[in-house]
Amino acid sequence: MRTVEWDYDRQLVKMIDQRKLPAIFEIVSFNNYLEVAMSIREMVVRGAPAIGAAAAFGMALAAKQSQAVTRTDFERDLAAAAEQLRATRPTAVNLAWALQRMLAVVTNKEIISLDDLRQAVLKESQRLADEDVEINLRMARHGAALIKDGDTILHHCNTGSLATVDWGTALGVIRMANEQGKKIHVLLDETRPLLQGARLSAWECEQYHIPYSLIVDNAAGHFMRTGQVDICFVGADRAAANGDIANKIGTYKVAVVAKENGIPFFPVVPTSTVDLSLPTGDAIPIEERDSAEVTELTLFGRAVASVGAKVRNPAFDVTPYKYVTGIVTEYGVVYPPYSINLRHAVETEQAKNLTPRR
Ligand code: MRU
């Protein structure tokens, strides 16, 4: 099944519980948008595009839940739901982008009855989810062209089907190259503290028969300096107008070491992840998560950190554009100057979607 989807029989949202993988493959269902908000906050669902789709389906639930009998009350209920969903995770701009799309339907005055509005919100959430898969496939084809037969690829975090509705961003590029028959090998950063690389990317590589080795985050520099990496692919939670990229903590170090060693570094970024309102990455909000994510890891049956250890736990970092060789989007691979070329890619893709929808 897809990472997140609408169940048309039961009229609820279903998703794969990513907290339990790889040990347990479990599908969880929610019939209340507040539960969807919780699922995003607690990372039942994670990865920027998957979060956006989950929030969109959350809005379809909110529309179903609303007891409003007037248009004003309905709009007020849905705006309140959007606020709750928006507050769950601050860095991934896909969340705000998806909610904006749903609210545009809610306030579309061409749709008159509340029942029609409820249907229209669901239809838009389904369209957003379907488009995500289509966009990932387009990015995968553009990105796979950058991979040569025999390449060893470094990858950080999880950017596969689990981080999206289906297929994936950076791992989707790698999967496409593998399916095209290129002989590749992937080095997967385990990605502390929540180990999305070890838990999720390794599991996906098994599913899709992609040859890989799992490495500790600290080994990435060694493999790059010793000539054992040909190209790096990562995802992004938000890109600024100048091409700065926010992604999972540790991405910045990968990018700097890649540049130092002359290794190309490509973020794979749907245009929905580009925030043209932010001139540089310095304005991207960085989520700080609970210290328990760092202290409660156990080794040999015991917590790794000393009791009372003080922790800083930023979940993302910003990689300045000067380290970015090119940005793979559904429009194509965008090269510097990003302030011109990234805007052009985003505006071109937006223009394709401007036809009014019901
Ligand atoms: O905290 P997470 O697991 O949601 O972080 C995910 C990432 O950083 C991914 O690289 C990013 O969302 C882009 S991949 C689709």
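When a residue number appears, it is its place in the shown sequence, counting from 1. Remember, it's 1-based here, ligands and their atoms both numbered in the order they're listed.
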Per-pair distances, ligand 1 N/O vs protein N/O, less than 3.5 Å:
unit_1, atom_1, unit_2, atom_2, d
ligand 1, 1 (O), Arg89, NH1, 3.4
ligand 1, 1 (O), Arg89, NH2, 2.8
ligand 1, 1 (O), Lys248, NZ, 2.8
ligand 1, 3 (O), Arg46, NE, 2.8
ligand 1, 3 (O), Arg46, NH2, 3.2
ligand 1, 3 (O), Gln196, NE2, 2.9
ligand 1, 4 (O), Gly47, N, 2.9
ligand 1, 4 (O), Arg89, NH1, 2.8
ligand 1, 8 (O), Asp237, OD1, 2.9
ligand 1, 8 (O), Asn247, OD1, 3.2
ligand 1, 8 (O), Lys248, N, 3.3
ligand 1, 10 (O), Asn247, OD1, 2.6
ligand 1, 12 (O), Ala48, N, 2.8
ligand 1, 12 (O), Asp237, OD1, 3.1
ligand 1, 12 (O), Asp237, OD2, 3.3

What do the steps show when you test Asp290 against Arg41 for salt bridge (Lys or Arg N to Asp or Glu O under 4.0 Å), and what is the final call? CA-CA 11 Å; Asp290 200 302; Arg41 192 178 305 108; over 6 Å; no
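We find that Arg46 and Asp237 are not joined by a salt bridge, their nearest charged nitrogen and carboxylate oxygen being 4.0 Å or further apart. Under a 4.0 Å N-O distance rule, the pair Asp130/Arg127 does not qualify as a salt bridge. The pair Glu134-Arg138 fails the salt-bridge criterion, with no side-chain N (NZ, NE, NH1 or NH2) lying under 4.0 Å from an Asp/Glu carboxylate O. Ion pairing of Asp275 with Arg238 is present here, as a side-chain N (NZ or NE/NH1/NH2) and a carboxylate O approach within less than 4.0 Å.
Screening Gln18, Arg199, Glu204, Gln196 for a side-chain hydrogen bond (donor to acceptor under 3.5 Å, both in side chains) involving Asn158 leaves a single residue, Glu204.
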